[in-house]
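Take a look at the structure set out below.
Chain letters run A, B, ... following the sequence lines, proteins first, then strands; residues in each count from 1.
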Amino acid sequence: MKYDFKQIEPKWQKKWEEDNAFCAEDHSSKPKYYTLVEFPYPSGAGMHVGHIKAYSGLEVVSRKRRMQGYNVLFPIGFDAYGLPTENYAIKTGMHPRAVTDKNIEKFTSQLKRVGFSFYWSRVVDTTEEDYYRWTQWIFLKMFEKGLVFRDTALVNYCPSCKVVLSNEDSQGGKCDICHSDIVQKSKAVWYLRITEYADKLLEGLEEVDYLPNVKQQQVNWIGKSTGAFVNFSIKELDEKLRIYTTRPDTLFGVTFMVIAPEHPIIEANRDKIKNIDALDAYREECAKKTEFERTQLVKDKTGVRIEGLTAINPVSGKEIPIYISDYVMMGYGTGAIMAVPAHDERDYAFAKKFGIDIVEVIKGGDISKEAYAGDGEMVNSDFLNGYTNKKDSIARMIEYLSEKGIGEMGVQYKMKDWAFNRQRYWGEPIPIVHCPACGIVPVPYNELPLKLPTVQHFEPGEGGESPLAKIDEFVNCKCPKCGGAAKRETDTMPQWAGSSWYFLRYIDPHNTEVFADREKLNYWLPVDWYNGGMEHVTRHMIYSRFWHKFLYDLGEVPVAEPYAKRTAQGLILGPDGEKMSKSKGNVVDPNDVVDVFGADVLRTYVLFMGDYGSAAPWNESSMKGCKRFLERFADLFDLVKGEGVTPKLESAIHKTVKKVSLDIEELKFNTAIASMMGLLNEIYDVGSITKDELTVLVRLLSPFAPHLCEELWEMLGGEGLCSLAAWPEWDEAKTVDSTVEVAVQINGKVRATVELPVNCPAADAIATAKANEKIIPLIEGKTVVKEISIPNKIINIVVK
RNA sequence: GCGGGUAUGGCGGAAUUGGCAGACGCGCUAGAUUCAGGUUCUAGUGGGGGCAACUUCGUGGAGGUUCAAGUCCUCUUACCCGCACCA
């Protein structure tokens with residue numbers, strides 16, 4: 001058969017659409033299977049081949065599941081709110097709505113050309129009123145339950161994007177969107193109390209099937225640590241200075257304290273501090289530094305002693321100095337630490353620089369040279385002396401602290417509450433009203449959606465205020481509570497809001513009464529398999545698990561964890577081995593590949609190029625191998641003869657069906673395709689195949705190259721669509737050969753191979769080996785020390 | 001610094017989990033077909049030695065366990081990813 005992809009690909013895509021072939025039924029007697037891929041952000045650049053790889057994995061799984069008789073939901077949508085679109089709109093003068101529509105159209109046409117079996121009737125777009133109405137609804141529910149709060153705090157602020165960023169969006173001190181240095185700024189911020197769900201997010205990981213590194217990254221991100229809070233008395237004040245420590249058992253080694261430059265105790269006691277000018281100077285210096293600079297100066301410790309305030313070690317009663325230093329962060333723990341220079345590297349460096357006493361409380365190191373962080377016997381510690389086990393000494397100290405009312409056990413998380421507002425236009429309006437009389441008032445549920453006004457100018461304000469603040473008809477409103485004049489919140493939600501629950505909307509995308517019908521949620525949840533990029537493991541994944549768990553606690557969804565299984569694909573690198581990017585000019589457009597090679601070749605190649613979870617460079621000449629494979633596969637049609645196949649080939653077919661079936665489940669697409677290539681070579685060696693056997697192979701290949709396989713299926717007289725035909729079964733008995741070739745080693749080196757019946761008894765196997773003409777001279781005249789026969793694998797004869 | 005990972009031909013990568021290293025594909029070499037080719041076909045292709053059957057070395061490096069190690073153990077080097085003054 002001539003492989004004319006330009007003719008057959010549009011033909012079958014049209015047919016699938018006409019037949020509604022990939023429809024997911026809400027009420028079906030078939031078992032359900034929900035496969036989810038991360039919906040794209042529709043950027044102006046269009047899709048690149050990385051998107052194709054990201055979707056091809058579960059595309060194959062979804063197609064296989066349908067053929068196995070499952071009712072499959074494999075949806076797609078668009079995560080369309082966000083800064084790149086808005087920035088592009090500002091630059092070009094187009095409205096973000098128009099830009100978004102145009103980009104979605106482009107993405108849709110690209111996806112359709114590849115022949116993905118998405119169920120297109122359930123597309124969601126996070127920027128549509130019908131969708132963000134429910135994003136706002138969930139926000140209001142969180143508000144109602146006390147999970148939304150407003151605080152004025154130091155926030156990460158990007159001076160270039162003019163926007164407040166969450167902790168997650170400012171990793172490494174750089175803006176996640178434009179990569180400028182971020183600065184700390186004091187601002188009124190809306191927070192979602194995600195820390196309240198820290199333990200649930202952690203515990204939930206035990207019941208899900210995520211890749212180990214995905215789990216690990218989430219555990220690290222949540223960053224739970226247990227220790228103790230301890231209150232230190234200040235000689236000159238009535239108030240206490242509260243610290244957090246993971247090693248309360250080293251309290252006898254505390255020789256000074258350090259607080260963050262922003263710690264409120266300074267402002268509160270300016271009159272008692274003798275060197276307030278020096279402190280102010282230092283604090284001003286710190287404020288000027290970006291977070292990035294601050295974390296760069298790891299080696300060189302700076303700080304100023306607070307003159308006029310003296311702390312008292314609560315267990316030894318000794319007076320100790322207090323310093324301010326920027327190595328203590330206001331954002332973690334209590335913003336104050338007890339310093340144990342003998343057993344903490346940072347405290348050690350600080351103590352050395354400022355000439356502070358270093359008291360050893362754990363034996364095992366040499367504290368004249370460096371801090372010792374290891375385990376050992378407790379010394380200089382009164383009632384803890386002689387303890388050698390860290391766990392016991394900590395427990396004993398916490399017990400003591402509780403008895404005396406000095407402190408108590410405590411837990412801390414690295415994860416911080418989620419800063420949830422952005423001073424930009426292209427996002428969901430936050431449904432809150434500020435009333436001079438009533439304060440903060442939520443927009444009533446029946447007024448949702450609170451629509452984003454259509455305006456011509458949406459540049460951010462110079463002072464960092466939202467573009468919406470300039471729109472009087474939006475801002476001015478009546479208080480829903482008292483009816484008086486009030487003003488709307490003008491900030492919008494961050495990009496991560498819409499994507500935090502989109503998998504729920506796919507279940508019932510056109511519902512106007514609720515975000516999704518409960519019966520349908522019961523049927524479809526949880527997502528059986530979610531695949532996406534590693535870059536979303538600590539943001540989108542954590543956020544959406546948080547929202548889902550919140551909805552679960554509300555009783556709105558039937559399961560506690562949204563995703564039963566999570567895997568990740570590796571990047572496609574440019575032909576130069578570098579990460580694909582517009583600026584490097586190494587981006588490959590899937591449309592170009594489809595034009596020249598066809599969708600089936602593209603699909604096969606992105607899965608064949610290497611391990612699915614690892615990064616691999618794009619290599620066009622390597623793709624030719626896939627092209628040849630599909631062409632030669634198409635030509636099998638001309639080899640069809642009625643005569644039956646040899647037992648050897650029949651066995652090879654059963655082995656291949658088994659291998660492909662199992663490999664798909666483990667995302668080992670490269671070896672699945674390799675085994676089909678190997679089988680193809682065998683068939684060509686034989687020179688013929690029967691029609692029945694070919695229909696098996698066509699079905700086996702169809703998840704990878706569905707257009708070609710539909711065409712062959714039709715030519716072979718198959719019933720209905722190949723995409724919905726039964727997945728081929730293998731006969732285990734036929735995957736086992738009657739004889740095997742076994743290698744014969746002498747002293748561990750292969751010297752011959754012998755043909756043996758399967759599961760040949762060891763004695764017979766060794767006898768056969770010893771009778772082999774190549775082996776005889778090698779053992780003649782020597783003493784046989786040991787004979788090993790591993791059935792069906794190897795024979796090793798040890799001689800001296 | 002902490003956490004996770006990787007290292008196999010000229011290249012992408014296989015290896016049933018301790019059992020013939022290099023499947024499959026690219027590339028390369030030689031030959032055939034073709035006016036031509038980003039065509040197709042045949043044979044070969046880890047390094048060294050040999051006309052050859054064969055032989056020897058070989059999975060980042062150094063040791064070790066074992067009849068047998070890419071795979072297990074100890075040490076070590078390089079690179080990648082995530083977090084990072086987290087108390």
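- When distances run from any side-chain atom of A:Phe608 to the nucleotides B:G12, B:A23, B:C85, the shortest one goes to B:G12.
- Counting any heavy atom pair closer than 4.0 Å across all strands shown, A:Glu741 reaches a base atom.
- Residue A:Asn796 is classed as a base contact, given a heavy-atom separation below 4.0 Å to a base.
- Separation of the P atoms belonging to B:A23 and B:A15 is 13 Å when rounded to the nearest angstrom.
- Regarding contacts with the backbone of B:C20, every side-chain N or O of A:Arg751 stays at 4.0 angstrom or more from both OP1 and OP2.
- On the C1' atoms, B:U59 is 14 Å away from B:U6, given to the nearest whole Å.
- When heavy atoms are screened at a 4.0 angstrom cut-off, A:Asp347 is found touching no nucleic acid atom at all.
- Within 4.0 Å (heavy atoms only), A:Asn747 reaches no atom of the nucleic acid at all.
- Separating the P atom of B:A36 from that of B:G31 is a span of 16 Å, rounded to the nearest Å.
- Set against B:G19, B:C57, B:U40, the side chain of A:Arg628 has B:U40 as its closest nucleotide.
- Side-chain nitrogen and oxygen atoms of A:Lys774 include at least one within less than 4.0 Å of the OP1 or OP2 phosphate oxygen of B:C54.
- The side-chain tip of A:Lys301 points at the ring of A:Tyr327 from less than 6.0 angstrom away and within 45° of straight on.
- In this structure, A:Lys668 reaches the sugar-phosphate backbone alone: every heavy-atom distance under 4.0 Å involves primed, P, OP1 or OP2 atoms, never a base.
- Taking only side-chain nitrogens and oxygens, A:Asn792 never comes nearer than 4.0 Å to OP1 or OP2 of B:G19.
- With hydrogens and angles ignored, no donor-acceptor pair closer than 3.5 Å exists between the side chain of A:Gln216 and the base of B:G82.
- Checked by distance alone, A:Lys793 brings no side-chain donor or acceptor within 3.5 Å of a matching partner on the base of B:C20.
- Relative orientation of the A:Phe5 and A:Tyr3 rings is tilted, given thresholds of 30° and 60° on the angle between their planes.
- A sub-4.0 Å separation between OP1 or OP2 of B:C41 and a side-chain N or O of A:Arg632 is present.
- A cation-pi geometry, defined here as NZ or CZ lying under 6.0 Å from the six-membered ring centre and within 45° of its normal, holds between A:Arg242 and A:Phe229.
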